[in-house]
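In listed order, ligands and their atoms are each counted from 1. What you see is a predicted model, and the numbers here were worked out from it, not measured in a lab.
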Amino acid sequence: MELLVPGWRVEWLPIATSTNDLALERIRAGRAEDRVALIAGEQVSGRGRPGRVWRSPPGSLSLTAMLPFWPERAGWAALAAGIAAATAARELGAPTGLKWPNDLLLDGRKLGGVLVESCAPRWIAVGIGINVINSLPEEEELRGRVARLAEAIPDVTVEQVARGVLLWLDVTWGWLAEARMDRLRASWEELDRTTGRTVRWSRDGSLGVAAGLDETGGLRIRREDGSVETALVGEVTFVAGPTEN
Ligand code: BTN
């Protein structure tokens, strides 16, 4: 696949271990390059958060962008990537939303996710995985929890999705560079499928109701006693009666 996207240099790899690992190696070796994206046709050791395996069969999008990073805005970096991916999916016709910090949801099921990793003060590897036209897991337990873009957009291609994600990543990273948190917040709020849900925070298993973002991009969680704590690390699962996702 040859992909020409204004502002980007795309390296296409038919098969890779993990595009995040490859990007991190380059960053560590001092070979980071702004707006270079590695895209793999499939990954054999794709990684999810936190430390999970990420399935990346042919027909899915596995993309890692090397981008500049501002540690003082670390909490917004992951959100900027999620906004870009969700907006690209919406523009193609899939009504995608976000679960904090950066799961992409389609019809309440997981369409994709973001894994941002930094190993140098000023560079970050922004990994995005999206189910596009790939096969989904057969296991009954997983089938009801995952989605792919082809459900909403029958003729979608991986190239189309990659192009849209990169074009939007350029926009949201521009907002991050200029510290336009107001823009990031407004976009995130439009895509937000987290606020108002009862959530369990992975850090300590505690429960609360998600109450929007704080000024660092963390998720406010309102406890039963009315107190509010901000989740800055980890992730949340939705608690809805007997099932969680
Ligand atoms: C998640 O757990 O939701 C995050 C998934 C991130 C997967 C992407 S695919 C491209 C990049 N390379 C990886 O190994 N992981 C990320």
Enquirer: For ligand 1, does T64 get within less than 4.0 Å through its side chain, its backbone, both, or neither, judged by non-hydrogen atoms?
Expert: side chain

Enquirer: To the nearest 0.1 Å, how far is atom 10 (C) of ligand 1 from its closest protein heavy atom, and which atom is that?
Expert: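 Here the closest protein heavy atom is T19 OG1, 3.3 Å.
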
Enquirer: Judged by non-hydrogen atoms, does S56 sit under 4.0 Å from ligand 1?
Expert: no

Enquirer: Identify, by atom number and element, the atoms of ligand 1 in contact range of D103, meaning under 4.0 Å from any of its heavy atoms.
Expert: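 Every atom of ligand 1 under 4.0 Å from some heavy atom of D103: 3 (O).
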
Enquirer: With respect to R47, determine whether any N or O atom, backbone or side chain, lies less than 3.5 Å from an N or O atom of ligand 1.
Expert: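 Yes: some nitrogen or oxygen of R47 is under 3.5 Å from one in ligand 1.
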
Enquirer: Taking C-beta and beyond as the side chain, do L79 and L213 meet within less than 4.5 Å on heavy atoms?
Expert: yes

Enquirer: Using a 4.0 Å cutoff against the non-hydrogen atoms of G46, which atoms of ligand 1 qualify?
Expert: 14 (O)

Enquirer: Numbering the atoms of ligand 1 from 1, which are under 4.0 Å from a heavy atom of L63?
Expert: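 Per the distance check, 10 (C).
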
Enquirer: Check whether any side-chain heavy atom of R47 sits under 4.5 Å from a side-chain heavy atom of R52, and report yes or no.
Expert: no

Enquirer: Does the R193 side chain pair with the main chain of L106, one donor and one acceptor, at a distance under 3.5 Å?
Expert: no

Enquirer: Just go through K110, R49, E117 and tell me whose heavy atom is the nearest to atom 3 (O) of ligand 1.
Expert: K110

Enquirer: Please work out whether any backbone atom (N, CA, C, O) or any side-chain heavy atom from C-beta onward of N102 is under 4.0 Å from ligand 1, and answer side chain, backbone, both or neither.
Expert: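 No part of N102 comes within reach of ligand 1.
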
Enquirer: Look only at interatomic distance and state if Q43 has a nitrogen or oxygen under 3.5 Å from any nitrogen or oxygen of ligand 1.
Expert: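 Yes.
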
Enquirer: Would a 4.5 Å heavy-atom cut-off, applied to side chains only, mark I128 and L115 as touching?
Expert: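 I128 vs L115: side chains apart.
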
Enquirer: Side chain, backbone, both or neither: which part of I128 has a heavy atom under 4.0 Å from ligand 1?
Expert: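 Just the backbone.
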
Enquirer: If we only count heavy atoms from C-beta on, is the Q43 to S45 side-chain gap below 4.5 Å?
Expert: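 Not touching, per the 4.5 Å side-chain cut-off.
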
Enquirer: Taking the side chain as every heavy atom from C-beta outward, state whether L149 and N131 have any pair of such atoms under 4.5 Å apart.
Expert: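 No, their side chains stay 4.5 Å or more apart.
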
Enquirer: Quick test: of every protein heavy atom, which one is nearest to atom 8 (C) of ligand 1, and how far off is it to 0.1 Å?
Expert: G129 N, 3.6 Å

Enquirer: Dump the intermediate steps for salt bridge (Lys or Arg N to Asp or Glu O under 4.0 Å) on R55 and E42, then the final yes or no.
Expert: CA-CA 9 Å; R55 290 179 74 256; E42 67 182 291; over 6 Å; no

Enquirer: Tell me whether S62 has any N or O atom under 3.5 angstrom from an N or O of ligand 1.
Expert: no

Enquirer: V114 heavy atoms, cut-off 4.0 Å: which ligand 1 atoms fall inside?
Expert: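 The list of qualifying atoms is 4 (C).
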
Enquirer: Does a donor on one side chain and an acceptor on the other come within less than 3.5 Å for E91 and W168?
Expert: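 Per modelled atom types, E91 and W168 side chains form a pair under 3.5 Å.
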
Enquirer: Quickly, which of V116, I27, I124 forms a side chain to side chain contact (heavy atoms under 4.5 Å, CB included) with F69? Name it, please.
Expert: I124

